[in-house]
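Below is one structure, written out as structure tokens, with a few remarks after it.
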Amino acid sequence: MRQPRILMCPPDYYGIEYEINPWMNRARGSSRERARRQWQKLHDTLIGLGAVVELMEPQPGLPDLVFTANAGLMFGNRFFSSRFRHEERARETPHFDAWFAAHGYIVEHLPEGMYFEGAGDALFCGPTLFAGYRIRSDVQGHQYLGRVLQKQVLPLELINPYFYHLDTCFCPLAPGEAIWYPNAFDDYGRRVIENHIPYLISANEAEARCFGCNAVVIGKTVVLNSGCTKLAADLQARGYTPVSVELDEFIKSGGSAKCLTLRLDGEEAAVWE
Ligand code: ARG
């Protein structure tokens, strides 16, 4: 079995300093101390599950750098750097690019004029890339990647501003298996997912709002935000071991377990060959 390798960034400068999705509220803010404890718990849980966790240097003024899932898309030793829609997050890119270059990856950029937010919106399930678009990423970015990687890309329109990244409403578990929140997609998107993934576990609305779909999969273990009782039971019935970690300080920014990680060796469900 391969050893999972995950990139994370400590939440030293995490906070709600702007509002670019409906979860974020500057007036409400977040507690840095509580965020630190929750992040540490996630970090330690992943190490306990056998993952190697690499750390990025936190940067003042970049409160969302903790969400490493948005750095870019991994494919072997190639790192396709994100082109963020919002200027506030575009400032993270030089830091991500520098980290990947320094760690021996080939850093590649999409052509200008197309937005792309990395593993937040592009997830392999088997050899197929499922790709969320409209709210953050553009469909052209995904099509470009499909051409360059010679992989089938299935674009999925995201229609609910609360589920603005694909990883907030869709989580591949293994080839042919995923968690999803059907209401985040239009009819066409729902049909595409149903036709390509034979085994689907649905999150209900409350669990989707608890970021139950934003899970980190390590082998047969699924690490997800606490409070998703039915989803945890459904995962267990399917042979998975759910592990809950309280991450509500990050939901205040529209993120949870998955967003706080980037799987460097490829998601568990990804088949790259
Ligand atoms: N505040 C961040 C944003 O709106 C949260 C990103 C969450 N990341 C994710 N992969 N869904 O961009």
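Just so you know, these numbers use all the heavy atoms, side chains as well, and skip hydrogens, waters and symmetry mates.
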Just by distance, do the side chain of [X] and the backbone of [Y] share a donor-acceptor pair under 3.5 Å?
X      : Y      : answer
Glu268 : Gly219 : yes
Asp248 : Ile251 : no
Arg5   : Glu54  : no
Thr68  : Leu7   : yes

Would a 4.5 Å heavy-atom cut-off, applied to side chains only, mark [X] and [Y] as touching?
X      : Y      : value
Val53  : Leu55  : yes
Cys259 : Asp167 : yes
Asp121 : Ile135 : no
Val148 : Phe80  : yes

Cut-off 3.5 Å, side chains only: do [X] and [Y] have a donor facing an acceptor?
X      : Y      : value
Ser253 : Trp23  : no
Gln152 : Thr128 : yes
Asp97  : His109 : yes
Ser244 : Asn225 : no
Gln143 : Tyr133 : no
Gln3   : Asp265 : no

What about [X] and [Y], are their ring centers closer than 6.0 Å?
X      : Y      : value
Phe79  : Phe100 : yes
Phe250 : Tyr14  : yes
Trp99  : His95  : no

Should [X] and [Y] count as an ion pair when the cut-off is N to O under 4.0 Å?
X      : Y      : value
Arg191 : Glu194 : no
Arg28  : Glu19  : no
Arg238 : Glu177 : yes
Asp187 : Arg190 : yes
Arg85  : Asp138 : yes

Q: Apply side chain to side chain contact (heavy atoms under 4.5 Å, CB included) to Pro111 and list each qualifying residue two or more places apart in sequence or on a separate chain.
A: Met114, Tyr144
Q.
Which heavy atom of Gly29 sits nearest to which heavy atom of Ile16, and what is that distance?
A.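 Reported closest heavy-atom pair: C-CG1, 3.8 Å.
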Q.
Does the plane of the ring in Phe185 sit parallel, tilted or perpendicular to the ring in Phe170? Use 30° and 60° as the thresholds.
A. perpendicular
**Q.** Lys41, NZ atom: more than 12 neighbouring heavy atoms under 6.0 Å
**A.** no
Q. Salt bridge (charged side-chain N to carboxylate O under 4.0 Å, His left out): which pairs involve residues 216-226, sequence neighbours left out?
A.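 Listed once each, the pairs would be none.
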Q: List the steps, then state whether side chain to side chain contact (heavy atoms under 4.5 Å, CB included) holds for Leu224 with Asn214.
A: CA-CA 7 Å; Leu224 74 176; Asn214 199 249; over 6 Å; no
Q: Determine, for Tyr115 and Arg136, whether the Lys NZ or Arg CZ falls below 6.0 Å from the six-membered ring centre while staying within 45 degrees of the axis.
A: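 Ring-cation test returns no.
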Q: Quick one: do Glu249 and Lys252 satisfy salt bridge (Lys or Arg N to Asp or Glu O under 4.0 Å)? Show the steps, please.
A: CA-CA 6 Å; Glu249 283 305 325; Lys252 293 175 176 174; 3.0 Å; yes
